[in-house]
2 protein chains.
Amino acid sequence: MPDPDLAFAAHDHAHCAQDALARAEAVTAAAGARMTPVRRRVLEILLEEHKALGAYDVLARLAVEGFGNQPPVAYRALEFLVDQGLAHRIQRLNAFTACVHPGKDHAPAFLICRTCHMVAEAEASAARVSLDAEAAKAGFLVERSTIEALGLCPNCRGQA
Amino acid sequence: MPDPDLAFAAHDHAHCAQDALARAEAVTAAAGARMTPVRRRVLEILLEEHKALGAYDVLARLAVEGFGNQPPVAYRALEFLVDQGLAHRIQRLNAFTACVHPGKDHAPAFLICRTCHMVAEAEASAARVSLDAEAAKAGFLVERSTIEALGLCPNCRGQA
DNA sequence: CTTGACCTGTTATGATATTACATACATAGA
DNA sequence: TCTATGTATGTAATATCATAACAGGTCAAG
Ligand SMILES: [Zn+2]
Ligand SMILES: [Zn+2]
Ligand SMILES: [Zn+2]
Ligand SMILES: [Zn+2]
């Protein structure tokens, strides 16, 4: 994960999203999974901004575009994307964000700006090592872990 | 936080809960806050087991005991306890757990057993340091962070 | 004994998520 | 090609989690 700050830095986001989408297609193909229209569209919607969207926000977008407008339509597509590693669920927000570099095996930490609501992925392996070690002291085996930080992004810090 | 494994180890839980409750009284007194009957009862309920309870589970318990039976009754008491550091919210579970050593300033990690649903607190400062450092690389200022691990507790590992 | 802060209760509503079932589509044998 | 099978989508209904808004009660300071 070479760009922990990608989301916060000025960048060619159209290219950023296009690239993520292309990688996503590759990932699903390699996994023998189907990137259907709803799923692709949901991923595109999530990729529009480096923010997290609630399932119902996604659903509203889908509905006006002629897809189903009942919750399972959105939840199922989102679940698929999360399972394939193409999107992440942000627990604190009950919301979902596109993965900015699908294909790489990763379990990032999330940096959530409380002001502009941008969400970035950050390297979490060091933190996970500490956590796993601490858990091991208690005899606990960590299978998955959630690491999310709430605070101020560089842009919003400047304005405060 | 000397006992990361307290919840999983065999222990005199009646004493454990009584002690936490006594500390809680001290904490609120010191803070000039009021430990009212509803609040105390909610804390007692959370202290019955080292598990997390949803707000509506707590509410149901309160209702049969003659307290109000509308959601705000439970949510307000829980919010109070969390604000005072006497309980913690577990994001992954949308649920609350009593703090096992109130009074000590701490922001623990949580170890959640996916089988028996026990929840333990673990030392998280090392993980937090890593996270804060990684965030700093992106210019992000961490204000609060959530660290939760899902896995198998020592007891449930043994049975698997 | 009044005032103001805070606590509790209630109604109503909003937000998030899942179950169950029906229909449509893709693909792999027969 | 035809049909069987698994998978995906659509819909209705419901479950679960959370908050806004307001009314009335409690308590201690002044
Ligand atoms: Zn971008
Ligand atoms: Zn920001
Ligand atoms: Zn105990
Ligand atoms: Zn267990």
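Each chain gets a letter, A, B and so on, in the order the sequences are listed, and its residues count up from 1. Values reported hereafter were calculated over all heavy atoms of this structure, with side chains retained and with hydrogens, waters and symmetry mates removed.
Atom CG in B/Leu78 sits about 11 Å away from atom P in D/dT19, given to the nearest Å. The CG-C1' distance, from B/Leu59 to D/dC17, rounds to 12 Å in whole Å. Between the P atom of D/dT16 and the CZ atom of B/Phe96 lies a distance of 17 Å, rounded to the nearest Å. The distance between atom CG of A/Leu53 and atom P of C/dA17, rounded to the nearest whole Å, is 13 Å. Summarising the geometry, the separation between CE on A/Met35 and P on D/dT9 is reported as 11 Å, rounded to the nearest angstrom.
Checking B/Glu123 against B/Ser125 by side-chain atom types alone, a donor-acceptor pair falls below 3.5 Å.
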Show me the side-chain donor-acceptor pairs of residues 38-48 of chain A shorter than 3.5 Å, one per line, residues at least two apart or across chains.
from	atom 1	to	atom 2	distance (Å)
A/Arg39	NH1	A/Arg34	O	2.7
A/Arg40	NE	A/Glu25	OE2	2.7
A/Arg40	NH2	A/Glu25	OE1	3.4
A/Arg40	NH2	A/Glu25	OE2	3.4
A/Arg40	NH2	A/Met35	O	3.1
A/Arg41	NE	A/Glu65	OE1	2.6
A/Arg41	NE	A/Glu65	OE2	3.4
A/Arg41	NH1	A/Glu44	OE1	2.7
A/Arg41	NH2	A/Glu65	OE2	3.2
A/Glu48	OE1	A/Arg61	NH1	3.2
A/Glu48	OE1	A/Arg61	NH2	3.4
A/Glu48	OE2	A/Arg61	NH2	2.9

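How far SG of A/Cys99 is from CD of A/Gln84: 12.0 Å, rounded to the nearest 0.5 Å.
Counting heavy atoms from C-beta on, the side chains of A/Glu148 and B/Gln91 never come closer than 4.5 Å. For the pair B/Glu121/B/Phe110, a side-chain contact is recorded, criterion being any heavy-atom separation below 4.5 Å from C-beta on.
Sorted by first and then second residue, the salt bridge (charged side-chain N to carboxylate O under 4.0 Å, His left out) pairs involving residues 70-92 of chain A (not counting sequence neighbours) form an empty list.
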Exercise. Classify every nucleotide of nucleotides 4-16 of chain C by which part a protein heavy atom approaches to under 4.0 Å, writing B for the base, S for the sugar-phosphate alone and - for neither, in 5'-to-3' order.
Key: --SSBBBB----B
